Colleague: 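Supplied in structure tokens, the structure appears directly below.
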Amino acid sequence: MLVDKEFGEIIVRKNAWSRGVKFSVSTSGRLQMSVPKRTPDFLVKRYLNTNRERIREKLPINDPTTQRTRDYQKKVLMKKAREYLPYRLEYFAKLYGYKYDKCRLTHANTRWGSCSSKKTISLNIGLMKLPEKLRDYVILHELAHLNHMDHSKAFWAEVYEHDKNYKNHDKKLKMFNPGV
């Protein structure tokens, strides 16, 4: 992490596969730099300073105040999610006889949840911004993936067993954005 007066906090990723320096905007709106693994910090700063004008023109970077506001929102949602989501997942798993290995909380920008083949269920902290019925739908959807790792007819039949109104919930869910 690098702090700059103009751009605020800059995420610096040192990557063994990088051949040059690449600028992008992270999901939090921060400037992100990808540089070769052995690039010294003074060169990272020099490259930033020599490309300032180009960065201003090409990248839509949030101002540092917006970045801090998003960080605070994420912290609050994570606290609420830790207190609620694992227990709600466990409740439905016991109620319907599902077995999963682990529950992870994420803040992905494009997914409400996922289920891995290793029986890890990941739930987005953004679920805490949704009505309870939609949260429950996402949890039941991910639990059904423990038995069906696809969206086959059998998968949807299993979701229907636990949520008769799943089509309506799925439709309403599309009106919200999982990003924090």
Side-chain angles (χ1 to χ4, degrees), residues 1 8-9 11 13 15 22-32 34 59-180:
M1 184 85 59
E9 293 173 350
I11 300 165
R13 296 182 185 259
N15 185 335
K22 181 182 168 200
F23 291 100
S24 61
V25 179
S26 74
T27 55
S28 66
R30 288 178 173 77
L31 178 61
Q32 187 169 279
S34 180
L59 297 176
I61 299 164
N62 289 347
D63 73 41
T65 307
T66 306
Q67 295 169 5
R68 284 190 293 279
T69 302
R70 184 182 178 278
D71 290 344
Y72 177 74
Q73 289 172 340
K74 200 162 75 172
K75 196 181 223 178
V76 168
L77 283 175
M78 182 60 88
K79 185 179 185 309
K80 287 180 179 179
R82 273 194 196 115
E83 293 170 356
Y84 180 86
L85 293 174
Y87 302 101
R88 194 68 173 166
L89 177 65
E90 185 64 23
Y91 167 78
F92 282 122
K94 283 183 179 172
L95 182 65
Y96 297 119
Y98 289 104
K99 299 265 189 262
Y100 63 94
D101 286 339
K102 200 161 75 172
C103 174
R104 284 183 54 230
L105 298 177
T106 68
H107 49 88
N109 267 357
T110 58
R111 296 174 172 245
W112 291 109
S114 65
C115 177
S116 77
S117 58
K118 294 183 178 179
K119 298 187 182 274
T120 296
I121 293 183
S122 298
L123 298 171
N124 191 320
I125 62 173
L127 287 167
M128 298 311 297
K129 298 185 297 182
L130 298 179
E132 188 175 29
K133 287 181 180 188
L134 297 182
R135 270 184 263 173
D136 289 348
Y137 162 69
V138 171
I139 291 170
L140 291 167
H141 180 110
E142 298 312 329
L143 285 169
H145 276 308
L146 291 168
N147 294 332
H148 307 278
M149 292 302 289
D150 55 15
H151 288 113
S152 63
K153 284 184 180 182
F155 167 82
W156 289 113
E158 189 165 329
V159 172
Y160 179 76
E161 278 180 47
H162 310 308
D163 182 359
K164 304 291 186 229
N165 205 7
Y166 83 89
K167 286 182 181 178
N168 188 33
H169 292 148
D170 193 54
K171 190 189 241 181
K172 283 184 179 176
L173 191 61
K174 287 177 174 47
M175 294 167 44
F176 296 92
N177 181 349
V180 178

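All figures in this text were calculated on a predicted structure; none of them were measured in a lab.
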Colleague: Rounded to the nearest 0.5 Å, what's the gap from NZ on Lys119 to CE on Met149? Could you check?
Modeller: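 Reported value, rounded in 0.5 Å steps: 9.0 Å.
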Colleague: Is any side-chain heavy atom of Asp101 closer than 4.5 Å to one of Lys118?
Modeller: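 Answer no - side chains too far apart.
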Colleague: Could you state the interatomic distance from CG (Asp150) to NE2 (His145), rounded to the nearest 0.5 Å?
Modeller: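 If I round to the nearest 0.5 Å, the distance is 8.0 Å.
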Colleague: Specify the closest pair of heavy atoms between Pro86 and Cys103, including all atoms of both residues, with the distance to one decimal.
Modeller: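 Nearest pair, atom of Pro86 first, then Cys103: CA-SG, 4.2 Å.
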Colleague: Rounded to the nearest 0.5 Å, how far apart are CG of Asn124 and CZ of Arg104?
Modeller: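 These two atoms lie 11.0 Å from each other.
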Colleague: If only side-chain N and O atoms count, and only distance matters, is there a donor-acceptor pair under 3.5 Å linking Tyr84 with Glu132?
Modeller: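 Yes, Tyr84 and Glu132 have a side-chain donor paired with an acceptor closer than 3.5 Å.
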Colleague: Rounded to the nearest 0.5 Å, what's the gap from OG on Ser114 to CD1 on Ile121? Could you check?
Modeller: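 These two atoms lie 9.0 Å from each other.
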Colleague: Are any of the side-chain nitrogens in Asp71 or Lys75 under 4.0 Å away from the carboxylate oxygens of its partner?
Modeller: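 A salt bridge is absent here (no side-chain N lies under 4.0 Å from a carboxylate O).
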Colleague: Can you list the steps and then say if Trp112 with Leu134 is a side-chain contact (heavy atoms from CB on, under 4.5 Å)?
Modeller: CA-CA 10 Å; Trp112 291 109; Leu134 297 182; over 6 Å; no
Colleague: Taking the side chain as every heavy atom from C-beta outward, state whether Met128 and Leu85 have any atom pair closer than 4.5 Å.
Modeller: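 A side-chain contact exists here, since the closest heavy-atom pair is under 4.5 Å.
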Colleague: Side chain to side chain contact (heavy atoms under 4.5 Å, CB included) with Asn109: which residues, sequence neighbours excluded?
Modeller: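 Testing Asn109 for side chain to side chain contact (heavy atoms under 4.5 Å, CB included), a comparison that skips the adjacent residues, returns Thr27, Arg70.
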Colleague: Is the number of heavy atoms from other residues, nucleotides or ligands under 6.0 Å of Lys172 NZ greater than 12?
Modeller: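 Not more than 12 within 6.0 Å, no.
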Colleague: OH of Tyr160: more than 12 outside heavy atoms within 6.0 angstrom?
Modeller: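 Atom OH in Tyr160 is not packed in, count stays at 12 or less.
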Colleague: Donor-acceptor check, side chain of Arg135 to backbone of Leu130, threshold 3.5 angstrom: yes or no?
Modeller: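 Yes, Arg135 side chain to Leu130 backbone: donor-acceptor pair under 3.5 Å.
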Colleague: Could you tell me whether Tyr91 atom OH has more than 12 heavy atoms of other residues or ligands within 6.0 Å of it?
Modeller: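 Atom OH in Tyr91 is not packed in, count stays at 12 or less.
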Colleague: Asn147 vs Tyr98, test: side-chain contact (heavy atoms from CB on, under 4.5 Å). Steps then yes/no.
Modeller: CA-CA 9 Å; Asn147 294 332; Tyr98 289 104; 3.5 Å; yes
Colleague: Do you know the tightest heavy-atom contact between Leu123 and Glu142?
Modeller: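 Residues Leu123 and Glu142, closest heavy atoms: CD2-CG, 4.3 Å.
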Colleague: Could you walk me through whether Glu90 and Tyr100 pass the side-chain contact (heavy atoms from CB on, under 4.5 Å) check?
Modeller: CA-CA 9 Å; Glu90 185 64 23; Tyr100 63 94; 2.7 Å; yes
Colleague: How are the rings of Tyr166 and Tyr137 set to each other: parallel, tilted or perpendicular (split at 30° and 60°)?
Modeller: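 It falls in the parallel class, under 30°.
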Colleague: Are side-chain heavy atoms of Leu140 and Val138 found at a separation under 4.5 Å?
Modeller: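 A side-chain contact under 4.5 Å is absent here.
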Colleague: Can you establish whether the number of heavy atoms outside Lys99 located under 6.0 Å from its atom NZ is more than 12?
Modeller: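 No - once you tally the heavy atoms of other residues, nucleotides and ligands closer than 6.0 Å, there are 12 at most.
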Colleague: CG of Leu143 to NE2 of His162: how many Å apart, nearest 0.5 Å?
Modeller: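 The CG atom of Leu143 sits 8.0 Å away from the NE2 atom of His162.
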Colleague: Determine, step by step, whether His141 and Trp156 satisfy the side-chain contact (heavy atoms from CB on, under 4.5 Å) criterion, reporting the C-alpha distance in whole Å, the side-chain angles of both residues, the deciding distance to 0.1 Å, and the verdict.
Modeller: CA-CA 9 Å; His141 180 110; Trp156 289 113; 3.6 Å; yes
Colleague: Hey, could you give me the CE/CD1 distance between Met78 and Ile125, rounded to the nearest 0.5 Å?
Modeller: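 If we round to the nearest 0.5 Å, Met78:CE and Ile125:CD1 are 4.5 Å apart.
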